[in-house]
Each structure stands twice: as C-alpha cells, then as structure tokens.
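Below is one structure, written out as structure tokens, with a few remarks after it.
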Amino acid sequence: MRIRHAVLVGASVLTTAVLSGCTVPVGGSTGISVTEDGRPVGVLAVCDDRIDGATLYVDSKKKRDDTRGTWSRKRPVTGLATWTLDSPGKGWSTDEAMAPLEPHRTYHLYGWTRDNSSSTAHVSFTRSQLDNLRPGQVRYFAGEVAGADREGFRTVPLEDFRSEACEED
C-alpha cells in the first residue's frame, strides 16, 4: 500500500512538473476591434515583458496548421498596440496574410514572443461578434467579472481595455 501511494504521489509530482514547464507565462491581454469601415483590428496590452508578434487561428480536429494570419514587429510591443489585420502598418509586418473570415467559425488571436518567454491572453470571436463591434470598442477575455459574457469575454471602450487589461486582482 505504501509503495502504491508513493508511486501515485511521485507520478503526480512528475506530471505537475512536466505540465508547468510547458506553459508560457501570460504577460498581457489581446483584444479585437474594428475600423470605421468594419475591418478587424488587433489590440495588445502588454503588462509584463514584451510581445514580438501575434497569430490568428481556428480550432480544428485535423492534424494540420490552422493558422489564419501571423504578424510580427521588429521592435517589440511593451505597452498598448493596435494594427489592422488585413493591412498592418505602424511597425507591423505580415508574416502570413489573413485568410478571409468565414461566418459561423470561431477565431482566436493572441500575442507571443519569439523565445516563448511571454504571451498574451487570447481573444475569441466570430464574424458576427466582429460585425457587432463599433470602432473604439474592444472585445477581450476578462474572466468571471461583471459585464462579461458566459465565456468570460467583455466588450469595452479602448480606454477601459487599456486600464483593465493589466489590473491585478
């Protein structure tokens, strides 16, 4: 019985150590917004470290790359940054052009570093949710807070996103 218990405890500790080594620390938040003419805008609020780029992807059960767009910067983001996903500027370059957004499909956008030292919390959205945004509004993952939907996403003015994204609980 003691050996069995020791084996279970050892396996649990090993699993925890392995899994905790596989995660990238979250050092900020990702949001999605739109321009006046409805084009998607990525929004990053970096609280710790830096972010070198961003990726848009979809979930898939297939064993293939489901990246739908990738952008990077020569100079990392260390505060707030925005860029249009279809034609970035302001220091952003397109590594993989954004594929057209399909209706009834959920997209995820997040920020990353080249050395995997940090990332930003992802934002999930559909074409319909994007169509319901107004310029200056940002949809982002806020967790279980007042005003969030059942999945934990909130839509707020850009200035509120800027101040709330890096708040400590």
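Remember, predicted model here, so these are calculated numbers, not experimental data.
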(request) With the side chain counted from C-beta on, respond yes when Ser72 and Asp52 share a heavy-atom pair under 4.5 Å apart, and no when they do not. (result) no
(request) Determine whether the side chains of Asp49 and Ser117 contain a donor N or O and an acceptor N or O closer than 3.5 Å. (result) yes
(request) Report the hydrophobic cluster partners of Leu158, with the cluster defined as I, L, V, M, F, W, Y residues connected by side-chain heavy atoms closer than 4.5 angstrom, directly or transitively. (result) Val41, Val43, Leu80, Val138, Tyr140, Val156, Phe161
(message) Through direct or indirect side-chain contacts below 4.5 angstrom among Ile, Leu, Val, Met, Phe, Trp and Tyr, which residues connect to Tyr110?
(response) Tyr57, Trp112
(request) Drop me the distance from Arg68's CZ to Leu85's CG, to the nearest 0.5 angstrom. (result) 14.0 Å
(message) Quick check against the 3.5 Å criterion: does Arg73 have a side-chain atom that pairs as donor or acceptor with the backbone of Lys90?
(response) yes
(message) Between Thr94 and Trp71 (side chain of the first, backbone of the second, donor and acceptor by atom type, cut-off under 3.5 Å), is there such a pair?
(response) no
(request) Quick one: list whatever passes ring pair (Phe, Tyr, Trp, His ring centres under 6.0 Å) with His122, sequence neighbours left out. (result) His108
(request) Examine distances only and state if a side-chain atom of Thr70 and a backbone atom of Asp95 form a donor-acceptor pair shorter than 3.5 Å. (result) no
(request) Please check if the side chain of Ser118 supplies one atom and the backbone of Val26 the other of a donor-acceptor pair under 3.5 Å. (result) no
(request) Could you tell me whether the side chain of Leu130 reaches within less than 4.5 Å of the side chain of Ile32, counting heavy atoms only? (result) yes
(request) Establish whether Val58 and Phe125 are linked, either directly or via other cluster members, by ILVMFWY side-chain heavy-atom contacts under 4.5 Å. (result) yes
(message) With rounding to the nearest 0.5 angstrom, report the OG to CG distance, Ser119 to Leu44.
(response) 10.5 Å
